[in-house]
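Ligands are counted one by one from 1 in listed order, and the atoms in each one are counted from 1 as well. As the structure is a prediction and not an experimental result, all values here were calculated from the model.
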Amino acid sequence: HAAPPAAIAKQISHRPVRDAQLPVSWTDSQLRKYPFQTRQIPRLSHTDPRAEILIDNEEPVVLTDTNLVYPALKWDTNYLQENIGNGDFSVYISENHKFLYYDEKKMSNFENFVPKSRRIEMKFSEFVEKMHQTEEQGGKERVYLQQTLNDTVGRKIVVDFLGFNWNWINKQQTKRNWGQLTSNLLLIGMEGNVTPAHYDEQQNFFAQIKGHKRCILFPPDQFECLYPFPVHHPCDRQSQVDFENPDYEKFPEFKNVLGYEAVVGPGDVLYIPMYWWHHIESLLNGGVTITVNFWYKGAPTPKRIEYPLKAHQKVAIMRNIEKMLGEALGDPHEVGPLLNMMIKGRYEQGPS
Ligand SMILES: O=C(O)CCC(=O)C(=O)O
């Protein structure tokens, strides 16, 4: 049905203020339009004390000068094809521009679930070929490479990787008492590709290498506005709301969602705090994008819990309740009915 007037995308400028000598390399016309408002995520030097405060408080910030992935700023598809080695790469293929993630291990829980994208293992050169095919023939199928960096990469990539600013990021890890670095995901996307809104259970430094990505984040206290799939569903942690055509009847609280956004370009590092929702789009007509992220386990839970609990702690509790019920009932499909029986006419705030 038609979107309400309030839902008309605001034509305000999202462009960051920059030094006069630096060209602004993208325009508002390259951003998709959505029916909600956003604020800007601050862009700061990593030496700015305000940046440290934001990370301490688990709030997003774009750091402009960490040099985190400096040696990788020369990467493009040619250089990678030459040097990345003969390993297998996970490539997602989608009929449209959206790449909704799904957990293949949870597919047996929901036998009627049909994913809108599929994952194929291929060599790097096959991926590049597929991408060019789509670009040149205007084919409908889009591709998105998403592969954890591993020891099959060639020598030059290893040298680049060792030249990352480990000094800075290791200090961050130590200061925040984060757990181990679990993985570095390499993402190579086509212009216009969209990763729909989801949250992860890890801390993330998202390092942009090539092209520009628009990142829209939502804090964990907007859980009610974003309607994640059930925990046992393959799309666990993903929003059920289609941002381009929200069903306000099913998801009325989505009208109250408020985002925080930034466009990141080469050299920028976005801190995506654990449990923060993120929607990420490669700019329209912006060419290929390359990103490497750094996923860290969060800090261990403190010995003494402080109240009131934070929104992300409540999300963790809800996840555990769903998991426990699934186990206890022996069937993930019984979780919803039991939760409903528990609250119906008892815990719901009714009209009176
Ligand atoms: O860049 C993207 O398209 C998705 C990346 C993402 O979701 C992440 O780094 O957690």
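With hydrogens and angles ignored, the 3.5 Å screen pairs a side-chain donor or acceptor of Q173 with a backbone N or O of G179.
Nearest protein neighbour of atom 8 (C) of ligand 1, counting heavy atoms only, is N204 ND2, 3.4 Å. Annotation: atom 4 (C) of ligand 1 to nearest protein heavy atom, T195 OG1, 3.5 Å. Of the protein's non-hydrogen atoms, Y144 OH, 3.2 Å is the one closest to atom 2 (C) of ligand 1. Looking from atom 1 (O) of ligand 1 to the surrounding protein, the closest heavy atom is K213 NZ, 2.9 Å.
Checked against the 6.0 Å centroid criterion, the rings of Y92 and Y144 do not qualify as a close aromatic pair.
At least one heavy atom of N293 sits less than 4.0 Å from an atom of ligand 1. Not a single heavy atom of F99 sits under 4.0 Å from any atom of ligand 1. The closest approach between H198 and ligand 1 falls below 4.0 Å for a heavy atom of the residue. Every heavy atom of E281 sits 4.0 Å or more from the atoms of ligand 1.
Salt-bridge annotation for E201 and R319: present, with a side-chain N of the basic residue lying under 4.0 Å from a carboxylate O of the acidic one. Of the charged side-chain nitrogens involved, at least one lies within less than 4.0 Å of a carboxylate oxygen, so that E52 and R176 count as a salt-bridged pair.
Of all the heavy atoms of D200, the ones lying under 4.0 Å from any atom of ligand 1 belong exclusively to the side chain.
Atom NZ of K116 is surrounded by 12 or fewer heavy atoms from other residues, nucleotides or ligands within 6.0 Å.
Side-chain contact between Q30 and H212 is absent, with no heavy atoms from C-beta onward closer than 4.5 Å.
Looking at E281, E191, R142, E244 one by one, the single match for side-chain hydrogen bond (donor to acceptor under 3.5 Å, both in side chains) with H97 turns out to be E244.
Close approach of ligand 1 to F206 (heavy-atom distance below 4.0 Å) involves ligand atoms 1 (O), 5 (C), 9 (O).
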